[in-house]
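Have a look at the structure below, then the notes.
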Amino acid sequence: MIPELSNPSVCMKDPQRVQEILQSMVKAGSNTVQVISDFDMTLTRFAYKGKRCPTCHNILDNSKLISNDCKAQLKELLDTYYPIEIDTARPIEEKLPLMVQWWTKAHEILVQQKIRKDLLATAVQESEAMLREGYQLLFDHLHEHSIPLLIFSAGIGDILEEVIRQAGVFHSNVKVFSNYMDFDESGVLKAFKGELIHIYNKREGALLNTGHFQELRTRPNVLLLGDSLGDLTMADGVQDMENILKIGFLNDKVEERKQSYLDSYDIVLVQDETLEVPNAVLLYLT
Ligand code: C5P
Ligand code: MG
């Protein structure tokens with residue numbers, strides 16, 4: 001049906017079910033579809049030429065805006081908490097408070113740095129952030145077909161927006177839920193706004209934004225893109241959902257995590273740095 005679903009990176013527990021969801025969505029029409037996507041390591045690359053690519057947080061962590069001392073502290077947090085994030089041996093209930101600790105500590109350090117809003121664009125420009133191959137087609141195609149794209153990120157909204165702005169794809173159909181920086185009147189970071197979004201509370205984040213989902217109630221067919229099991233709850237705010245097709249990028253600790261990804265995502269993309277499969281699905285749906 002979609003030749004790209006035979007790519008070597010594609011794994012599916014129930015290909016028949018995927019076909020059924022796709023057929024049902026095609027039948028409903030592209031004007032009933034919305035896309036909900038995670039950002040870090042889903043729309044952006046996990047690695048390039050064997051080297052890890054940065055998350056929104058890492059873009060700042062590695063920038064000139066942070067003192068060497070704080071860089072070391074942030075690196076230590078990453079080395080401590082990232083292995084916990086991807087540890088399959090620990091249940092989510094055990095990881096959740098530790099993830100809150102990570103985000104909270106990192107945000108405290110960032111706030112101490114008196115980061116200036118007007119320097120964020122340069123930090124992004126000088127970073128090694130990379131959107132996945134095929135991003136242009138994804139963003140442009142959704143825009144052309146007026147399909148709403150919600151980017152739902154536990155990263156940093158200001159940074160994420162800058163990445164897609166600099167890539168020329170921050171189109172009018174894109175909406176972002178994320179952690180936004182709060183600047184004082186002189187443009188210096190003083191806090192983060194609103195409720196913290198971390199990797200395991202996207203459900204709560206979705207439910208806080210009922211207005212958005214209310215506006216999109218004529219689009220009960222969802223294409224969800226994520227890279228973490230926490231991303232599976234991003235669509236929990238969608239009203240009267242009819243179909244959901246979940247595509248998950250499995251970037252790291254592949255063997256240990258493959259079964260749990262196959263159990264929860266309809267299509268699993270193993271170490272696939274491209275958006276080829278999501279793009280093929282979207283072309284099929286439109
Ligand atoms: O956009 P997304 O929801 O993927 O953003 C969360 C990612 O940010 C996590 O996968 C986590 O590894 C990363 N992170 C980070 N530094 C922090 C907190 C989270 O790189 N201080
Ligand atoms: Mg992610």
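Only a predicted model underlies this, so the values are computations on that prediction, with no experimental measurement involved. Each ligand, and each atom within it, is numbered from 1 in the order the structure gives. Quick note: numbers below take in every heavy atom, side chains included, and nothing from hydrogens, waters or symmetry partners.
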Honestly, for Asp40 the part within reach of ligand 1 (heavy atoms, under 4.0 Å) is both
What do you reckon, is CD of Gln73 surrounded by more than 12 foreign heavy atoms closer than 6.0 Å?
yes
Which word best sums up how the rings of His145 and His141 line up, parallel for under 30°, tilted for 30 to 60°, or perpendicular for over 60°?
tilted
Report, in ascending order of atom number, the atoms of ligand 1 lying under 4.0 Å from any heavy atom of Gly155.
1 (O), 5 (O)
With no hydrogens and no angle check, do the side chains of Glu162 and Gln166 hold a donor and an acceptor under 3.5 Å apart?
yes
Atom indices of ligand 1 within 4.0 angstrom of Lys202 heavy atoms, with elements:
3 (O)
Between Leu43, Thr274, Leu269, which is the residue that forms a side chain to side chain contact (heavy atoms under 4.5 Å, CB included) with Phe249?
Leu269
If you look at every heavy atom in Ala154 and Asn179, which pair is closest and at what distance?
O-ND2, 3.1 Å
Could you identify the single nearest non-hydrogen protein atom to atom 1 (O) of ligand 1 and state the distance to 0.1 Å?
Ser153 OG, 2.8 Å
Out of Trp102, Phe152, Phe177, who gets a non-hydrogen atom closest to atom 21 (N) of ligand 1?
Trp102
For atom 11 (C) of ligand 1, closest protein heavy-atom neighbour
Glu85 OE1, 3.1 Å
Write out the residue and atom name of the closest protein heavy atom to atom 2 (P) of ligand 1, then the distance separating them to 0.1 Å.
Asp38 OD1, 2.8 Å
Give the atoms of ligand 1, by number and element, whose distance to some non-hydrogen atom of Thr55 is under 4.0 Å.
13 (C), 15 (C), 20 (O)
For the Mg ion (ligand 2), find the closest N/O/S atom belonging to Asp227 and write down its atom name.
OD1
Going by the 4.0 angstrom heavy-atom rule, the piece of Ala106 near ligand 1 is side chain
Do the ring planes of Phe152 and Phe177 sit parallel (below 30°), tilted (30 to 60°) or perpendicular (above 60°)?
perpendicular
Counting heavy atoms only, which part of Tyr81 comes closer than 4.0 Å to ligand 1: side chain, backbone, both or neither?
neither
Polar contact flag for Trp103 and ligand 1 (N/O pairs, less than 3.5 Å)
no
Within the stated cut-off of 2.8 Å, is an N/O/S atom of Asp38 closer than that to the Mg ion (ligand 2)?
yes
Please classify the Met41 to ligand 1 contact at 4.0 Å (heavy-atom distances, strictly less than): side chain, backbone, both or neither.
neither
Return the residue, atom name and 0.1 Å-rounded distance of the protein heavy atom closest to atom 16 (N) of ligand 1.
His57 CB, 3.2 Å
Taking the inter-plane angle between the rings of Phe192 and His107 on a 0 to 90° scale, is it parallel (under 30°), tilted (30 to 60°) or perpendicular (over 60°)?
parallel
Any ion pair linking Lys75 and Asp61 (charged N to carboxylate O, less than 4.0 Å)?
no
Between Trp102 and Tyr81, how do the two ring planes meet: parallel, tilted or perpendicular, split at 30° and 60°?
parallel
For the residue pair Tyr284 and Glu4, confirm or rule out a side-chain donor-acceptor distance under 3.5 Å.
no
Please determine if Asp231 has a nitrogen or oxygen closer than 3.5 Å to a nitrogen or oxygen of ligand 1.
no
Ligand 1 N/O within reach of Leu78 N/O, cut-off under 3.5 Å:
no
Pick one: which of Ile244, Leu245, Leu224 meets side chain to side chain contact (heavy atoms under 4.5 Å, CB included) with Asp266?
Leu245
What is the name of the N/O/S atom in Asp40 that sits closest to the Mg ion (ligand 2)?
O
Numbered atoms of ligand 1 (with element) below 4.0 Å of Asn58, judged on heavy atoms:
20 (O)
Can a side-chain donor-acceptor contact be found between Ser260 and Asp263 if the only test is distance below 3.5 angstrom?
no
